Amino acid sequence: MKKHFSVAIDGPSGAGKSTMAKLLAKELGFLYVDTGAIYRTVGYYMSLIGIQPKDTDGITKYIGDVNIDIDYQADGIQHMILNGQDVTGEIRTPEISHYASCVSAQPVVRAFLLDMQRDLARKHDVIMDGRDIGTVVLPDADVKIFLTASAEERARRRMLELQEKGEKITFEKVLADMKTRDERDSSRAAAPLKCAEDAVLLDTSGLTIEQSVEAIRSIIGGKRE
Ligand code: DC
């Protein structure tokens, strides 16, 4: 079977991973896989059935009831289907960001989702973004990028995104939530957020979207020749 090309983009929240990955996947004809959305879907399920975000026993008991399908529709959006229902919009709230970060620290959740992510990369050329793609999910990825930006810059971008959706939230709250989440994602024992040794580190503070895309495009281009 032909080996597919894979690009792993990791980094903290708000670094611009999904914006960059989406644009480049479209340009290259690759599948864009947003793994954060998969963890968000698990978090959303646990919140729906009333399990607390750090309840290890509850999460372990009910993780087997989670059935996730990813539906790539013509709108180019990765639709998340949870037990037959489209929850793509529901998983994008600050509450579910918190849930996702907490449930993703559970080894049972990470093990449950690992094959699903690897399987996508076995079957397609992918740009996959997350926290542990270059370190754990696709350690042999053809290209690994660790994307970051200052916490203030990332919070500013995230606040604009939330405000566009009509959420009323202050910069201070977004910044504080983001720092808490980054700290939890980086300090957990299971597959923490970290830069793979062989990843290219790209700091997008002060870069426009187009400049950041161009930087990633040339890293990928260099590896495809
Ligand atoms: O990328 P995001 O903000 O949608 O991700 C939500 C949470 O999911 C994030 O705080 C940590 C977790 N996550 C993870 O642990 N591993 C990944 N590969 C992607 C996300």
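Everything numeric in this text was worked out from a predicted model, so none of it was measured. In each ligand, atom 1 is the first atom listed, and ligand 1 is the first ligand listed.
Residue, atom and distance of the protein heavy atom nearest to atom 8 (O) of ligand 1 are Y39 CB, 3.6 Å. Closest to atom 20 (C) of ligand 1 among all protein heavy atoms lies G36 CA, 3.6 Å. Atom 6 (C) of ligand 1 has R181 NH1, 3.5 Å as its closest protein atom, hydrogens excluded (heavy atom only).
The closest side-chain donor-acceptor pair between Y99 and R40, if any, does not fall under 3.5 angstrom. Side-chain contact of R188 with S104: a donor-acceptor pair under 3.5 Å is present, judged by distance alone.
By the criterion of a heavy-atom distance under 4.0 Å, neither the backbone nor the side chain of R184 is placed next to ligand 1. In R131, the parts holding a heavy atom less than 4.0 Å from any atom of ligand 1 are both the side chain and the backbone. Contact annotation for Q106 and ligand 1: no heavy atom of the residue comes within less than 4.0 Å of the ligand.
For a threshold of 3.5 Å applied to N or O pairs, the pair formed by S104 and ligand 1 contains at least one separation below that value. At a 3.5 angstrom cut-off on N or O pairs, Q117 does not count as close to ligand 1. When only interatomic distances are considered, the shortest N/O to N/O separation between D132 and ligand 1 falls below 3.5 Å. The distance criterion of under 3.5 Å between nitrogen or oxygen atoms is met by R40 with respect to ligand 1. Considering both main-chain and side-chain atoms, D185 comes within under 3.5 Å of ligand 1 through a nitrogen or oxygen pair. At least one N/O-N/O distance between T35 and ligand 1 falls below 3.5 Å.
Side-chain atoms of D129 do not come within 3.5 Å of backbone N or O of I9 as any donor-acceptor pair. The closest donor-acceptor contact from the side chain of E90 to the backbone of Y44 lies at 3.5 Å or more, if one exists at all.
Through direct or relayed side-chain contacts under 4.5 Å between Ile, Leu, Val, Met, Phe, Trp and Tyr, V174 connects to M159, L162, I169, F171, L175.
When each of R157, R154, Q211 is tested with T204 by the rule side-chain hydrogen bond (donor to acceptor under 3.5 Å, both in side chains), just one qualifies, namely R157.
Here E197 does not pair with K144 in a salt bridge; the nearest charged N to carboxylate O distance is not below 4.0 Å. The residues R92 and D34 are annotated as salt-bridged, a charged nitrogen and a carboxylate oxygen being separated by less than 4.0 angstrom. Residues R110 and D132 are paired through a salt bridge, judged by an N-O separation under 4.0 Å between the basic side chain and the carboxylate.
Under a 4.0 angstrom heavy-atom cut-off, R110 registers as being in contact with ligand 1.
Near G130, the atoms of ligand 1 lying under 4.0 angstrom from a non-hydrogen atom of the residue are 17 (C), 18 (N), 19 (C).
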